[in-house]
Number of protein chains: 2
Amino acid sequence: EDVVVRGVSLERNQAKITICGVPDRPGSAGAIFAAIAAANLSVDMIVQNASGTGTADLSFTLQKDDLVPAEIMLTRLVPKLGAAAMTATTGVAKLSVVGIGMRSHAGVASRLFECLGAAGVNIQLISTSEIKIAVVIDETELDRAAQATHAAFGLAQPRPPSNTA
Amino acid sequence: EDVVVRGVSLERNQAKITICGVPDRPGSAGAIFAAIAAANLSVDMIVQNASGTGTADLSFTLQKDDLVPAEIMLTRLVPKLGAAAMTATTGVAKLSVVGIGMRSHAGVASRLFECLGAAGVNIQLISTSEIKIAVVIDETELDRAAQATHAAFGLAQPRPPSNTA
Ligand SMILES: C[C@@H](O)[C@H](N)C(=O)O
Ligand SMILES: C[C@@H](O)[C@H](N)C(=O)O
């Protein structure tokens with residue numbers, strides 16, 4: 001099917017938590033998210049990659065204001081789970097390319113990733129669905145990344161951020 | 001906003017490639033996907049997690065039939081990129097919970113991950129968007145995972161796979 005990229009969406013003020021070395025056995029991800037849900041935290045992207053060593057790293061993004069309560073709660077949970085460590089960072093942002101028919105096209109992914117690489121923007125997290133490719137990058141690089149992405153997909157350049165950004 | 005889970009979708013016959021130790025600098029992901037797009041491979045989920053060691057693992061899923069051409073092409077690329085290794089596996093499947101208002105609810109994620117844990121299903125990859133939470137699991141566990149998920153979200157049990165599954 002033809003890919004139609006409709007636009008680029010930007011989300012500032014994000015934070016990221018990565019739990020490294022989560023034991024790769026049934027139930028670990030459930031235990032982490034049961035604690036997050038019980039603390040009533042609103043989570044956006046959840047990304048987990050398998051690794052060959054019997055452990056997996058699991059990351060998620062949340063609003064900057066929710067970072068401290070999440071960190072406090074997870075600091076207690078991580079040792080109980082047998083996970084290795086947790087890192088929490090603010091100053092990240094999410095950039096997403098939204099379209100239809102994304103799923104079967106590595107072309108959209110390559111165009112996005114290559115334009116970010118050429119603009120010197122480092123990709124920290126990647127997550128995709130049928131209608132969207134989302135990356136987490138450093139917030140200081142967001143405007144540069146947005147300009148490069150609009151240009152790469154032939155979209156009208158975004159207006160400079162106004163006070164309402 | 002209220003979360004409404006509309007259904008569970010299952011995709012069999014998937015394969016997974018993980019490239020470990022990709023140098024975590026601008027352009028690496030672009031180089032990988034430029035090669036994938038040039039080989040005209042159709043990719044589904046793309047998942048990358050950041051790691052603190054200056055490298056990142058990047059995984060993607062594709063149709064089982066595309067695995068061998070992808071492996072051949074990436075075997076040549078991985079050393080040029082300075083990545084550590086590549087693993088390719090068939091026999092995986094994707095299970096997704098689809099709904100609206102997913103984004104702000106760790107509750108949906110925790111319910112899905114906990115029910116899979118209780119059913120003894122190990123989660124290999126996780127990727128989310130506003131409308132969907134997708135996990136990659138072993139294909140032999142798909143029917144058990146689907147039953148547990150339908151029960152956890154109060155959805156009518158799937159009919160046993162017919163010949164057209
Ligand atoms: C790492 C974590 O996802 C684990 N594999 C689980 O199934 O819960
Ligand atoms: C690992 C890879 O994503 C790298 N950080 C890049 O930006 O291309």
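Lettering follows sequence order; numbering is per chain, from 1.
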Practice task
Please check if the side chain of B:Arg111 supplies one atom and the backbone of B:Phe153 the other of a donor-acceptor pair under 3.5 Å.
Solution key: no

Handout entry: A:Thr18 side chain to A:Asp57 side chain, donor-acceptor N/O pair below 3.5 angstrom
Key = no

Practice task
Spell out, yes or no, whether A:Met45 and B:Ile131 are grouped together once hydrophobic residues are joined by side-chain heavy atoms under 4.5 Å, including indirect joins.
Solution key: no

Practice task
Look at the side chain of B:Gln157 and the backbone N and O of B:Gln147, then say whether any donor-acceptor pair between them is shorter than 3.5 Å.
Solution key: yes

Practice task
Write out, in numerical order, the residues from residues 28-39 of chain B with a heavy atom short of 4.5 Å from a heavy atom in chain A.
Solution key: B:Ala29, B:Gly30, B:Phe33, B:Ala34, B:Ile36, B:Ala37

Exercise for the section: Could you check which of A:Val47, A:Ile126, A:Leu112, A:Ile123 has the highest count of heavy-atom pairs closer than 4.5 Å to chain B? Expected result: A:Ile126

Handout entry: Which atoms of B:Leu58 approach chain A - backbone, side chain, both or neither, heavy atom under 4.5 Å
Key = both

Practice task
Tell me, out of A:Ile46, A:Leu125, A:Leu62, who's got the most heavy-atom pairs with chain B below 4.5 Å.
Solution key: A:Ile46

Practice task
May I ask you to decide if B:Gln124's main-chain N or O and A:Gln48's side chain share a donor-acceptor pair within less than 3.5 Å?
Solution key: yes

Handout entry: B:Asp138 and B:Asn122: side chain donor to acceptor below 3.5 Å
Key = no

Handout entry: Any donor-acceptor pair under 3.5 Å from A:Glu139 side chain to A:Gln14 backbone
Key = no

